[in-house]
Amino acid sequence: MTTETLSETAAAAPKFSIRTVLHNAGIGLALLALIVFFSLFTEHFLTPNNITNILTQITINLVLAVGMTFVILIGGIDLSVGSVMAFAAVVAGKAITLPGFGPAEAIALAVVAATLTGVFCGFLNGAISAYWSLPSFIITLGMLNIARGAALQVSEAQTIYSFPFAFEEFGSAMIYGVPVVFLVALVLVFIAWFVLNFTVFGRLIYGIGNNEEAVRLAGHSVARYKIAAFTICGLTAGIAAVVYMARLNISSPIAGIGFELNAIAAVIIGGTSLSGGRGSVIGTLLGAFIIGVLANGLILIGLSDFMRQMITGVVIIVAVILDYYRAKYAAK
Amino acid sequence: MKLLKIAVAAATGLALLGGTALADDKPVVGLIMKSLANEFFQNMMVGAEEHQKRRGDYELKAVGMQNETDFESQINAVENFITQGVDAIVVAPADSRAMVRPLKKAMEAGIVVVNFDVALDEEAKKQQGVELAFVGPDNRGGAKLAGDALGKKLGEGGNVVIIEGNPGADNATQRRLGFEDSVAEYKLDLLDSRTAHWETEEANQVFATMLTAHPDIQGVMAANDSMAIGVVKALESAGRTDIEVVGFDNIPAVGPMIEDGRMLATVDQFGTDMAANAIDMALDVVSTGEQLQGWVKTPIELVTAK
């Protein structure tokens, strides 16, 4: 029984891929148009330094958005990632500044602390919303407050600083002008892409987003996969915390306010449907680029902060409208 | 579970702060702070609590806000304090206009009100017919101290940018005006001015992009130290050591940066003592009945490498 459904799900995969390719081509074209526009109208946009800047600037959002893609694909939402990132950063900041450790141990300890904190919060989000079948919107809204409060409590609202030098090195390291932290994010995108497209787990994530009941009737534990999706999202928040710390060399309990909205925006602009079941992490990658390119290019053009905020809002709405038409034509 | 406990404990703590009966006849001071998520106000609160223990001749009830823009909770706090019949309210207003009316109500109820940290709006006070002194630092003057340090270092015609705080926040506006005063006085060239919402990561991104647009930047004025840290990090990644950065607040994390020259200066407005000093003044008014007048300026100091 189980194997039959699995092969059915797998059979549905190629159709998805073609649609996915079309989706991504559209977003890719939009990104390309933005890049052409900014290269024409600003003199510094396509310089190597600025490209490095953009890659650095989108890294945290991209890492968060990869995890968010899993959650949105199952038809959920995670509003807590910004706060969880701050909480993870503060716990890791406390760990890394513990006396009596060498730099290598301290860094390892911090990475473990950050990822475990993220995983723990994500697991709670998933377990609570799955066990009681509650909307993840409200559970993660609760977690947004819990994690932010916990971050402030643990740090006593103080910025934690003085991390080992090697950690800072990692945060600013480059390979051929590409920030190492961005490569970390790319590896995450690749892993997520592989998992979502070529594993049973990944196909079931899509399956749950499309038709939860069918997956349940096929004998799968929907709850377990939901918990997994939220745990992955928590994990990426923990990884984002490590990136934040390495880049800025501080842990601030007020870090990441509103980051969840940017991550959601990247996923949605990337063509993943808010109702779940449709979309891809490659789209998310492109979505993160669109947001990053826009933020960077509009400053280079010299647009005021307020106009910049308005345009970012317009782009999100336009992306969702385009998605509406894409979905409509794809259905024909 | 531990998290939940902490959250529950915090919630109960807040509820208790609002609800304890006024037992003995010591004067009661209601302290209304801004966001306790902000390091600056957190330190101020700790300073006030220590001050209460040291003096011991008054009772302190302190409330903070969830975030910088949560005006509503400050207004509620004033109303709660009126109901409880405290002797004095010492308040750092989150909004210089919205707080005037509730504070007027408190004064009419015979409560001594001391306004510190951010001054209430003069126009709004006039409209409501409120006379109230202000105890606090000169944010504009402080920012000008930092801006002047930068101006002296760069000399006439230096290219500078400003990283602003939250648009619409009074201290953000005052600090921007202070920086602009320095720009005018030292005939600096202001290339760009943008907000990074007081936040390190955003300042890092915004400044990195500004630096791309204007590679000839020579100096940066950041409206707080958290943002200055983000600027310093952006300079490090860009490999630029020729750009001077000034900040504001003197938080511990910038100490090492000022010592080793990554930052030129910051401004200390002695936030830890600020609430405590305002409480002292409120208690003086309660005991002597002599009102404060005008603007009681609290100390500010430019901090540079020794």
Side-chain angles (χ1 to χ4, degrees), chain A residues 42-45 47 49-50 52-54 56-58 60 87 120-121 124 142-143 145-162 168 171-172 174 179 244 247-250 252-259 292 295-302 304-306 308-309, chain B residues 1-4 6-11 35-43 45-46 64 66-68 164 167 191-215 225-226 229-230 232-234 236-239 251-257:
Chain A
T42 70
E43 64 183 293
H44 300 284
F45 184 76
T47 56
N49 273 341
N50 194 49
T52 303
N53 270 347
I54 294 176
T56 314
Q57 289 169 2
I58 69 167
I60 288 179
F87 181 34
F120 175 71
C121 294
L124 277 187
M143 181 58 79
N145 286 301
I146 296 171
R148 180 68 62 192
L152 289 162
Q153 182 74 37
V154 168
S155 65
E156 293 166 316
Q158 307 293 310
T159 304
I160 305 169
Y161 61 105
S162 287
E168 201 176 343
S172 51
M174 305 270 178
Y244 181 99
R247 270 193 52 210
L248 301 173
N249 229 24
I250 56 158
S252 162
I254 55 165
I257 292 173
F259 280 21
N296 176 279
L298 292 177
I299 291 184
L300 289 184
I301 265 188
S304 80
D305 290 328
F306 307 145
R308 205 155 59 93
Q309 193 170 7
Chain B
M1 278 302 106
K2 201 174 171 195
L3 288 183
L4 268 178
I6 293 172
V8 168
S35 171
L36 294 180
N38 182 328
E39 200 163 339
F40 182 72
F41 291 105
Q42 182 68 34
N43 291 339
M45 170 98 136
V46 172
Q66 292 250 326
N67 61 56
E68 296 278 348
E164 302 168 30
L191 300 177
D192 203 355
S193 184
R194 291 189 178 275
T195 177
H197 301 99
W198 304 122
E199 214 274 318
T200 310
E201 149 82 7
E202 194 175 342
N204 182 273
Q205 299 201 6
V206 166
F207 178 73
T209 310
M210 283 163 109
L211 186 59
T212 308
H214 309 283
D225 283 342
S226 298
I229 292 173
V232 167
K233 287 287 142 199
E236 282 174 9
S237 346
I251 64 171
V254 300
M257 297 184 173

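Letters go in sequence order (proteins before strands), and every chain restarts at 1.
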Review point. For B:Pro215, is it the side chain, the backbone, both, or neither that has a heavy atom closer than 4.5 Å to a heavy atom of chain A?
Key: side chain
Practice item. Identify the heavy atoms of A:Ala255 and B:Glu199 that sit nearest to each other, and give their distance. Key: CA-OE2, 3.6 Å
Review point. Can you say whether A:Tyr244 sits under 4.5 Å from chain B via the side chain, the backbone, both, or neither, judging by heavy atoms?
Key: side chain
Revision key, fill the gap. Nearest heavy-atom approach of A:Asp305 to B:Thr195 is OD2-N, 2.7 Å
Point to revise | A:Ile60 versus chain B, the contacting section by heavy-atom distance below 4.5 Å | key: side chain
Review point. At what distance, to the nearest 0.5 angstrom, does OG1 of B:Thr209 lie from CG of A:Leu298?
Key: 10.5 Å
Practice item. Measure the CG-CE distance between A:Asn249 and B:Met257 for me, rounded to the nearest 0.5 Å. Key: 7.5 Å
Review point. By a 4.5 Å heavy-atom criterion (distance strictly below it), what part of A:Ile254 contacts chain B: side chain, backbone, both, or neither?
Key: both
**Study point:** Heavy-atom closest pair, residues B:Ala213 and A:His44
**Key:** O-NE2, 3.5 Å
Practice item. Return the option, out of A:Arg148, A:Arg308, A:Glu168, A:Glu43, with the maximum number of heavy-atom pairs under 4.5 Å with chain B. Key: A:Glu168
Practice item. Counting only heavy atoms closer than 4.5 Å, note whether B:Glu236 contacts chain A via side chain, backbone, both or neither. Key: side chain
Study note, to complete from the structure: Heavy-atom closest pair (B:Ala37 atom, A:Ala157 atom, distance to 0.1 Å) is O-CB, 4.1 Å
Review point. Do B:Gln205 and A:Asn296 have a side chain donor and acceptor closer than 3.5 Å?
Key: no
Check your understanding: With chain A, which of B:Val46, B:Val206, B:Ile251 has the greatest number of heavy-atom pairs at distances under 4.5 Å?
Key -> B:Val206
**Study point:** Interatomic spacing from CZ in B:Phe207 to CD1 in A:Ile299 - rounded to 0.5 Å
**Key:** 11.5 Å
**Study point:** Set of residues satisfying side-chain contact (heavy atoms from CB on, under 4.5 Å) with respect to A:Ile58, sequence neighbours excluded
**Key:** A:Ile54, A:Phe182, A:Phe289
Review point. Between B:Leu211, B:Leu36, B:Val232, B:Asn43, which has the largest tally of heavy atom pairs under 4.5 Å with chain A?
Key: B:Asn43
Check your understanding: With A:Arg247, which residues qualify under salt bridge (charged side-chain N to carboxylate O under 4.0 Å, His left out), at least two apart?
Key -> B:Glu201
Point to revise | Flag, side chain of A:Asn50 to backbone of B:Thr212, donor-acceptor distance under 3.5 Å | key: no
Check your understanding: With only heavy atoms counted, which part of A:Ser304 is less than 4.5 Å from chain B, the side chain, the backbone, both or neither?
Key -> backbone
**Study point:** Separation between OG of A:Ser155 and CD of B:Glu39, rounded to the nearest 0.5 Å
**Key:** 8.0 Å
Check your understanding: Stepwise, does the side chain to side chain contact (heavy atoms under 4.5 Å, CB included) test hold for B:His197 with A:Ile257?
Key -> CA-CA 10 Å; B:His197 301 99; A:Ile257 292 173; over 6 Å; no
Study note, to complete from the structure: Okay, A:Glu156 and chain B: the region with an atom under 4.5 Å from a heavy atom over there is backbone
Review point. Checking A:Leu248 against chain B: side chain, backbone, both or neither under 4.5 Å from a heavy atom?
Key: both
